[in-house]
Amino acid sequence: MGASERGAEVREYRVAVIPGDGIGQEVIPEGLKALAAAGERFGFRCACTHFPWGSDYYYRTGAMMPPDGLDTLRPFDAIYFGAVGWPTVPDHVSLWGLRLAICQGFDQFANVRPARLLPGVRGPLSDKGPADFDLVVVRENSEGEYAGAGGRVRRGTAEEIALQTAVFSRRAVERVIEYAFALAERRPRRKVTSITKSNAQAYSMTLWDEVFAEVAARHAAIETESWLVDAATVRFVLHPETLDVVVASNLFADILTDLAGALSGSLGLAPSANLDPTRRHPSMFEPVHGSAPDIAGKGIANPIAAVWSAALLLDHLGEADAAAAITEAIAAVTARGAVLTPDLGGAATTTQVGDAIVAALAGT
Ligand code: NAI
Ligand code: MG
């Protein structure tokens, strides 16, 4: 149901806001400004509750979030997240203690990462324009190579062995591939590319290929293809215009989305949604980038990834028109090129870019 079909009452969404560490504190306020401006224009309101969880909270309490943190977040319609990680806390503590605890605790099994070459942005691919680079990677976000299965034996000896076992269940593979097809149904090109390494990983990846073929047979209107991951990296660089929706395992899609982010011109542009498409739990929306300690506190972080993530949040809540208006406002700002942060060659601050997006959103 589109926003215009829903009558005149103001729709309200409960949003849990976790800015986290470093530039998370700087870019999330810009996304909140865009959410408020979109709400004004499209007739909804986000009731935001802020949570001070992250590395500072860890200093004070010894944990990244309270023990009942997931119960606190459960009633919200969505979670809007900045970044976690700071040089004084080990990265596996901060990442598992907050971000992965939420992703896995709420079974947010589809990590959706769009990558577009925005108008006016010069990516490293000199012969490609915005029409050539507009894809979405769907990353399996619940198991695979990051299932946490394995162990180390004979520690510290010359015979030491480490096992890191990839876990692929038919159920998890099927649900993420189904999600990729559902997403492709909503996009103009209606194409899904599956990426594996079945020639070398002949158990897990052949299961993936079989499930992909089964799901593809249920969606005859969608064009499909399967590629090996090594060849796929070349394809991302040389022929991104042939990619639309890309679905891959946790590790492969992790690597491919960093590549896609770099090809789109800056890590400061790349948005991300951790979805529980069943809607039993709230989904979480965040920029792909981390806390960027090297530029934190300087007011120069690019807020576009965070603002675009806010658009993905609205799209998930059924506010498709408002989401499209935000991404159009972002594209208007990059196309004009007058107000850009230093990562895109400009001299503007985080706040100035956020203000420019809000102004474009309001049509001023
Ligand atoms: P990072 O993404 O924070 O920064 C990588 C480089 O990109 C830096 O040079 C940074 O200045 C630049 N950059 C990132 N976002 C930018 C933006 N919005 N505008 C302009 N430039 C931007 O990755 P890094 O440095 O490897 O990690 C820093 C911390 O963040 C670590 O503690 C890491 O564990 C954590 N991290 C957290 C993530 C999350 O919460 N989702 C994701 C990645 C890293
Ligand atoms: Mg990554």
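The figures here come from the full heavy-atom set of this structure, side chains too, leaving out hydrogens, waters and symmetry mates. Just follow the structure's listing: the first ligand is 1, and inside any ligand the first atom is 1. Residues take their numbers from the sequence shown, with the count starting at 1.
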Going by the order shown, which atoms of ligand 1 are within less than 4.0 Å of some heavy atom of V288?
42 (C)
Under 4.0 Å from one or more heavy atoms of A301, ligand 1 contributes atoms 19 (N)
Which ligand 1 atoms does E286 reach within 4.0 Å, using its non-hydrogen atoms?
41 (N)
Is any heavy atom of the protein nearer than 4.0 Å to atom 26 (O) of ligand 1?
no
Sub-3.5 Å donor-acceptor pair from the side chain of S283 to the main-chain atoms of D276, do we have one?
yes
Which pairs, with at least one residue in residues 83-96 and sequence neighbours excluded, count as a side chain to side chain donor-acceptor pair (under 3.5 Å)?
Y59-T88
Please verify whether a non-hydrogen atom of V27 lies at under 4.0 Å from ligand 1.
no
Heavy-atom nearest neighbour in the protein, as seen from atom 11 (O) of ligand 1, with distance rounded to 0.1 Å
D294 OD1, 2.8 Å
Under a 4.0 Å heavy-atom limit, does I300 contact ligand 1 with its side chain, its backbone, both, or neither?
neither
closest protein heavy atom to atom 12 (C) of ligand 1 is A292 CB, 4.6 Å
Pair V27, H289 - check side chain to side chain contact (heavy atoms under 4.5 Å, CB included), show working.
CA-CA 11 Å; V27 296; H289 64 73; 4.3 Å; yes
Taking atom 5 (C) of ligand 1 as the reference point, the nearest protein heavy atom with its distance:
L267 CD2, 4.0 Å
Closest protein heavy atom (residue, atom, distance) for atom 28 (C) of ligand 1
P293 CD, 3.6 Å
Given H92, E26, H289, R99, identify the one with the heavy atom nearest to atom 14 (C) of ligand 1.
H289
Got a sec, which residues hit ring-ring contact (aromatic ring centres under 6.0 Å, His included) with F81, two or more places apart in sequence or on another chain?
none
Give a yes or no on whether the backbone of R113 and the side-chain of S272 come within a donor-acceptor separation of less than 3.5 Å.
no
Atom CZ of R186: over 12 foreign heavy atoms under 6.0 Å
no
Examine distances only and state if a side-chain atom of K128 and a backbone atom of L238 form a donor-acceptor pair shorter than 3.5 Å.
yes
Return the closest protein heavy atom for atom 22 (C) of ligand 1 as residue, atom name and distance.
I295 CD1, 4.0 Å
Give the contacting part of P303 toward ligand 1: side chain, backbone, both or neither, where contact means a heavy-atom distance below 4.0 Å.
neither
In a check of salt bridge (charged side-chain N to carboxylate O under 4.0 Å, His left out) between D134 and each of K191, R187, R189, which one passes?
R187
Any side-chain to backbone donor/acceptor pair from Q25 onto G20? Under 3.5 Å, distance only.
yes
Test your reading of the model: is there a side-chain donor-acceptor pair from N111 to the backbone of A273, 3.5 Å cut-off?
yes
Does some non-hydrogen atom of the protein lie less than 4.0 angstrom from atom 35 (C) of ligand 1?
yes
Would you mind checking which non-hydrogen protein atom is closest to atom 31 (C) of ligand 1, with the distance to 0.1 Å?
D91 OD1, 3.5 Å
G85 heavy atoms, cut-off 4.0 Å: which ligand 1 atoms fall inside?
32 (O)
Atom 2 (O) of ligand 1 has as its nearest protein heavy atom G290 N, 2.7 Å
for atom 16 (C) of ligand 1, nearest protein heavy atom and its distance come out as I23 CD1, 3.8 Å
Side chain, backbone, both or neither: V84 near ligand 1, heavy atoms under 4.0 Å
both
Can you sort out which atoms of ligand 1 are near A83, meaning under 4.0 Å from one of its heavy atoms?
40 (O)
Answer yes or no for R175 and F109: cation-pi contact, defined as NZ/CZ to six-membered ring centre under 6.0 Å and angle to ring axis within 45°.
yes
Indicate yes or no for a side-chain donor-acceptor contact from N141 to the backbone of A110 under 3.5 Å, with no hydrogens or angles considered.
no
Between E40 and R45, does the salt bridge (charged side-chain N to carboxylate O under 4.0 Å, His left out) criterion hold? Intermediate values first, please.
CA-CA 8 Å; E40 286 278 310; R45 199 178 90 79; over 6 Å; no
Who's closest to atom 17 (C) of ligand 1 heavy-atom-wise, of N302, T88, V93?
N302
If the cut-off is 4.0 Å to any non-hydrogen atom of W86, which atoms of ligand 1 fall inside it?
32 (O)
Taking distance alone, with N or O pairs closer than 3.5 Å, would you say S291 contacts ligand 1?
yes
Taking a cutoff of less than 4.0 Å between a non-hydrogen atom of the residue and any ligand atom, is A305 in contact with ligand 1?
no
Has the side chain of N302 got a donor or acceptor atom that lies under 3.5 Å from a matching backbone atom of T341?
no
